[in-house]
Participant: 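Input: one structure, supplied below.
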Amino acid sequence: MHASSMMHMTRLLDAHVTGSGGTAWEIGSFDVSGGTLRPHLERRGWRYVGVDIAVGPNVDIVLDDPYVLPASDGSVDLLVSAQAFEHIEFFWLTFKEMARVLRPGGWILLLAPSRGPEHRYPVDCWRFYPDGYRALAKWGGLEAVEVGTDWRKFEGRWPRRRKNLWGDTWGAFQKPEGGEPKVHKPEAAAIA
């Protein structure tokens, strides 16, 4: 995880996730660049589980199906994902599955790029903006408590200088307390 992602994710944890001692899953946990959320979460008392589609460093669970998490409904306290959603072909299915396993009152913290060069691992399909994150919240029946994008100017040329290369979009989503989330059913567009 690059430095700006770590900064944004740590800030989201400090701002929204109070307390410690629950189960925290990181979706897309394979350590490609030498930085993961594991030490930050474990220091806070969380039981960390790294989840990915391939065996590798920082991976505790390898998924058989990238759109099915091996957990029961409402059993995970915190789900985090940083710089993975752009690599997931059908990211909305992954988000819906994250919402399913999230306990009422629990949090999903999500970070993905709004820009940047193609970086296939194994694919590079998407870039994200705040409105897209709000749409995901509706789709998953969650509240989008905070969404934003790091719009600071990109300085330099690809690939030599990477100051604010990715323009991270972040989101903090909470599952409503006291029951099942509302399921968003898109309405058919009116035909004129």
Side-chain angles (χ1 to χ4, degrees), residues 1-72 74-103 106-114 116-128 133 136 140 150 159 162 164-173:
M1 180 182 323
H2 55 274
S4 66
S5 291
M6 190 67 76
M7 175 192 72
H8 290 305
M9 193 59 84
T10 305
R11 185 194 62 74
L12 288 172
L13 283 166
D14 290 342
H16 300 290
V17 181
T18 59
S20 62
T23 303
W25 284 29
E26 182 172 9
I27 307 302
S29 66
F30 193 111
D31 186 359
V32 176
S33 61
T36 76
L37 289 167
R38 183 185 292 267
H40 298 283
L41 291 165
E42 288 179 341
R43 266 195 307 274
R44 296 167 187 244
W46 292 92
R47 290 182 310 278
Y48 177 95
V49 178
V51 180
D52 214 306
I53 61 169
V55 173
N58 201 51
V59 177
D60 301 309
I61 294 174
V62 177
L63 298 175
D64 294 326
D65 180 330
Y67 307 108
V68 177
L69 296 176
S72 57
S75 62
V76 180
D77 301 294
L78 170 66
L79 290 110
V80 297
S81 184
Q83 306 306 337
F85 264 47
E86 71 270 26
H87 302 290
I88 301 172
E89 290 178 312
F90 308 112
F91 65 85
W92 53 92
L93 298 177
T94 300
F95 191 84
K96 187 78 160 200
E97 185 68 355
M98 291 167 71
R100 179 189 67 79
V101 303
L102 185 64
R103 74 160 171 79
W107 290 90
I108 293 175
L109 304 180
L110 181 61
L111 207 69
S114 71
E118 183 179 33
H119 58 289
R120 300 182 77 216
Y121 197 77
V123 295
D124 186 2
C125 300
W126 310 101
R127 297 297 180 264
F128 295 87
Y133 275 17
L136 276 177
D150 187 347
R162 295 177 175 242
N164 202 32
L165 174 65
W166 301 108
D168 295 326
T169 294
W170 62 82
F173 308 92

Participant: Any side-chain heavy atom of Trp25 sitting closer than 4.5 Å to one from Val101?
Facilitator: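 Heavy-atom side-chain distance check fails, nothing below 4.5 Å.
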
Participant: Is a side-chain donor or acceptor of Ser29 paired with a backbone partner of Val51 at a separation under 3.5 angstrom?
Facilitator: yes

Participant: Please report the closest heavy-atom contact between Leu63 and Val68, naming both atoms and the distance.
Facilitator: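 Nearest pair, atom of Leu63 first, then Val68: CD2-O, 3.6 Å.
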
Participant: Which class fits the ring pair His16 and Trp107: parallel under 30°, tilted 30 to 60°, perpendicular over 60°?
Facilitator: tilted

Participant: In terms of heavy-atom contacts, does CG of Asp65 have more than 12 from other residues, nucleotides or ligands at under 6.0 Å?
Facilitator: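 Enclosed: over 12 neighbouring heavy atoms sit under 6.0 Å from CG of Asp65.
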
Participant: Does any non-hydrogen side-chain atom of Leu13 lie less than 4.5 Å from one of Leu41?
Facilitator: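 A side-chain contact under 4.5 Å exists here.
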
Participant: When rounded to the nearest 0.5 angstrom, what is the spacing between CG in Leu110 and OG1 in Thr169?
Facilitator: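 So the CG of Leu110 and the OG1 of Thr169 are separated by 9.0 Å.
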
Participant: So do the side chains of Ser114 and Trp166 get within less than 4.5 Å of each other, counting heavy atoms only?
Facilitator: no

Participant: Examine distances only and state if a side-chain atom of Asp77 and a backbone atom of Gly106 form a donor-acceptor pair shorter than 3.5 Å.
Facilitator: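 Side chain of Asp77 to backbone of Gly106: no pair is present.
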
Participant: Could you check if a side-chain atom of Phe95 sits within less than 4.5 angstrom of a side-chain atom of Ile108, using non-hydrogen atoms only?
Facilitator: yes

Participant: Evaluate the side-chain proximity of Phe30 to Ile53: yes if any heavy-atom separation is below 4.5 Å, no if none is.
Facilitator: no

Participant: Can you find a heavy atom in the side chain of Leu12 that is under 4.5 Å from one in the side chain of Val80?
Facilitator: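 Result no, sub-4.5 Å side-chain heavy-atom pair not found.
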
Participant: Run Val76 and Met98 through side-chain contact (heavy atoms from CB on, under 4.5 Å) and show every step you take.
Facilitator: CA-CA 9 Å; Val76 180; Met98 291 167 71; over 6 Å; no

Participant: With sequence neighbours left out, write down each residue that passes salt bridge (charged side-chain N to carboxylate O under 4.0 Å, His left out) with Arg44, or none if nothing qualifies.
Facilitator: Asp14

Participant: So, for Arg103 and Gly74, which heavy atoms are closest and what is the spacing to 0.1 Å?
Facilitator: CB-O, 3.3 Å

Participant: Should the pair Tyr133 and Phe128 be assigned to parallel (<30°), tilted (30 to 60°) or perpendicular (>60°) ring geometry?
Facilitator: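 Geometry flag for Phe128 against Tyr133: tilted rings.
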
Participant: Looking at side-chain heavy atoms only, is the closest gap between Ile27 and Leu69 below 4.5 Å?
Facilitator: yes

Participant: Taking all non-hydrogen atoms of both residues, which atom of Asp124 and which atom of Pro117 are closest, and how far apart?
Facilitator: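 Here Asp124 and Pro117 meet closest at OD2-O, 3.7 Å.
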
Participant: I need the minimum non-hydrogen distance between Met9 and Ala82, along with the two atoms involved.
Facilitator: CE-CB, 3.8 Å

Participant: Quick one: pull up CG in Leu111 and CD in Glu86 and give me the separation to the nearest 0.5 Å.
Facilitator: 9.0 Å

Participant: Quick test of your reading: applying ring pair (Phe, Tyr, Trp, His ring centres under 6.0 Å), list the pairs with at least one residue in residues 38-72, sequence neighbours left out, ordered by first then second residue.
Facilitator: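 Sorted pair list: Tyr67-Phe90.
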
Participant: If you take all heavy atoms of Gly140 and Ala99, which pair is closest and at what distance?
Facilitator: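 It is O-CB, 3.5 Å.
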
Participant: Classify the ring geometry between Trp126 and Trp92 as parallel (under 30°), tilted (30 to 60°) or perpendicular (over 60°).
Facilitator: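 Trp126 vs Trp92 ring planes: perpendicular.
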
Participant: Considering only residues two or more places apart or on different chains, which pairs with a residue in residues 18-39 satisfy salt bridge (charged side-chain N to carboxylate O under 4.0 Å, His left out)?
Facilitator: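 Those involving residues 18-39 are Arg38-Glu42, Arg38-Asp60.
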
Participant: What are the two closest non-hydrogen atoms of Ser75 and Ala71, and how far apart are they?
Facilitator: OG-CB, 3.5 Å

